[in-house]
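First the structure, in the form of structure tokens, and then the observations on it.
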Amino acid sequence: MKLQTLSEVNIERAARRPVIVITDTANGDQRLVKAKDIATDPLRGELSQQLRMGKSGMIEAGGKKLFLNVYAPTAKLVIVGAVHISQALAPLARSLDYDVTVVDPRTAFASPERFPDVPLIAEWPDVALPPLNVDPYTAFVALTHDPKIDDPALLHAFACDCFYIGALGSRKTHAKRAERLKAQGASDADMARIHAPIGLNIGAVSPSEIAVAIMAEITAELRLPKENVKEQAA
């Protein structure tokens, strides 16, 4: 890899922006495609697919064999609410290589004994969330059932363009949530981004099962084309 290309890759990775280096295996020619340019690239279909999977790989295009070296940020999961579901969700997400952080100002819940080896922030969302650098490679779930905690957290997730936003609660609970958030400036488009009731509909009952449903929905949002995600949710 040329020094200039490596320098550009490092800049994008430091900013947590995906980048793909395309190498012609016949002659070694390389070009770099940044995330913002994928939609207009001649190989946009192949690039989008490899980026969704987060894996490098070989393709054939225009009679050439090309190696796509994918540099994707490590996905984050921010869990607001140190509840029973979170106790199952945090280790599950970590096993899938997510960087996990649990936020809950209630110190009786956010204790190291309940969340061993998981970063905990026992602060209110307005204090806890800004330093986490929540971004489009972050999945964000609100699980406290407490509007004083969940609502400001969700507003932060909207502003940061998280790739997944989910909130615990029934449809009735979510309707009331929507009224509150819209009163605080949230748009209809913001509300449409919230997965609520949270998780894929697999008949989950226990906290561990609900955690599986949530993680499955997050995975689908990250890995599947958008039209397939809609089919999964239907």
Side-chain angles (χ1 to χ4, degrees), residues 16-17 35-36 39 73 75-86 89-90 93 98 100-106 109-110 120-202 204 207 210-211 213-234:
R16 284 182 56 82
R17 293 189 295 261
K36 64 182 180 63
K76 297 180 182 180
L77 173 61
V78 175
I79 304 172
V80 176
V83 297
H84 290 308
I85 295 171
S86 307
L89 180 59
Y98 281 70
V100 181
T101 304
V102 175
V103 174
D104 197 323
R106 304 168 300 181
F109 292 88
L120 291 170
I121 305 179
E123 299 283 357
W124 291 88
D126 61 334
V127 174
L129 296 178
L132 294 180
N133 297 318
V134 174
D135 62 17
Y137 261 77
T138 301
F140 196 100
V141 297
L143 303 177
T144 72
H145 264 313
D146 186 340
K148 298 189 301 298
I149 302 173
D150 285 351
D151 288 4
L154 290 168
L155 290 171
H156 187 83
F158 296 152
C160 296
D161 195 28
C162 297
F163 78 85
Y164 175 91
I165 302 173
L168 190 66
S170 65
R171 287 179 173 82
K172 183 177 180 180
T173 297
H174 185 59
K176 293 180 179 178
R177 177 190 294 127
E179 292 178 3
R180 295 193 307 270
L181 292 176
K182 286 181 180 179
Q184 297 177 71
S187 66
D188 288 337
D190 289 331
M191 297 311 306
R193 297 184 60 206
I194 300 180
H195 294 263
I198 195 170
L200 292 183
N201 184 8
I202 60 172
I210 295 170
I214 293 171
M215 206 64 233
E217 192 170 56
I218 290 172
T219 303
E221 192 70 24
L222 179 65
R223 301 300 186 199
L224 294 179
K226 295 305 178 186
E227 57 271 20
N228 289 18
V229 173
K230 293 177 182 178
E231 291 175 7
Q232 290 280 343

So, applying side chain to side chain donor-acceptor pair (under 3.5 Å) with Tyr164, which one of Glu217, His195, Arg193 is it? Glu217
Heavy atoms, side chains only, cut-off 4.5 Å: are Asp135 and Phe163 in contact? no
Least distance between heavy atoms, Ile218 atom then Ala139 atom: CG2-CB, 3.8 Å
Nearest heavy-atom contact between Pro130 and Pro125 is CD-O, 3.7 Å
Ignoring hydrogens, what is the shortest heavy-atom contact between Ala167 and Ala196? Give both atom names and the distance. O-CB, 3.7 Å
Taking C-beta and beyond as the side chain, do Arg17 and Pro73 meet within less than 4.5 Å on heavy atoms? no
Just wondering, more than 12 heavy atoms not from His84 lying within 6.0 Å of its NE2? no
Do you know which of Val102, Val141, Val100, Leu129 makes side-chain contact (heavy atoms from CB on, under 4.5 Å) with Val78? Leu129
For a quick check under 3.5 Å, do His174 and Arg171 share a side-chain donor-acceptor pair by atom type? no
In short, ring pair (Phe, Tyr, Trp, His ring centres under 6.0 Å) pairs touching residues 128-149 with sequence neighbours left out are none
Only counting residues at least two apart or in another chain, list the ones meeting side-chain hydrogen bond (donor to acceptor under 3.5 Å, both in side chains) with Lys172. none
When Leu200, Ile79, Ile85 are each screened for side-chain contact (heavy atoms from CB on, under 4.5 Å) with Ile214, the one that passes is Ile85
Between Asp150 and Asp146, is any pair of side-chain heavy atoms under 4.5 Å apart? no
Taking every heavy atom of Leu168 against every heavy atom of Arg177, the minimum-distance pair comes out as O-NH2, 2.5 Å
Leu89 side chain near Leu77 side chain, heavy-atom distance below 4.5 Å: yes
Taking C-beta and beyond as the side chain, do Ile149 and Arg106 meet within less than 4.5 Å on heavy atoms? yes
dist Leu222:CG -> Tyr98:OH (nearest 0.5 Å) comes out at 4.5 Å
Donor-acceptor list for residues 180-188 side chains, cut-off 3.5 Å, not counting sequence neighbours:
residue, atom, partner, partner atom, Å
Arg180, NE, Asp151, OD2, 2.6
Arg180, NH2, Asp151, OD1, 3.2
Arg180, NH2, Asp151, OD2, 3.4
Lys182, NZ, Asp188, OD1, 2.7
Gln184, NE2, Arg180, O, 3.4
Ser187, OG, Ala189, N, 3.4
Ser187, OG, Asp190, N, 3.1
Ser187, OG, Asp190, OD2, 3.2

Shortest non-hydrogen separation from Leu143 to Ser86 and the atoms involved: CD1-OG, 3.4 Å
Taking C-beta and beyond as the side chain, do Val103 and Leu132 meet within less than 4.5 Å on heavy atoms? yes
Can Leu154 and Val80 be said to form a side chain to side chain contact (heavy atoms under 4.5 Å, CB included), step by step? CA-CA 9 Å; Leu154 290 168; Val80 176; over 6 Å; no
What is the minimum heavy-atom distance between Pro131 and Val127, and which atoms define it? CD-O, 3.4 Å
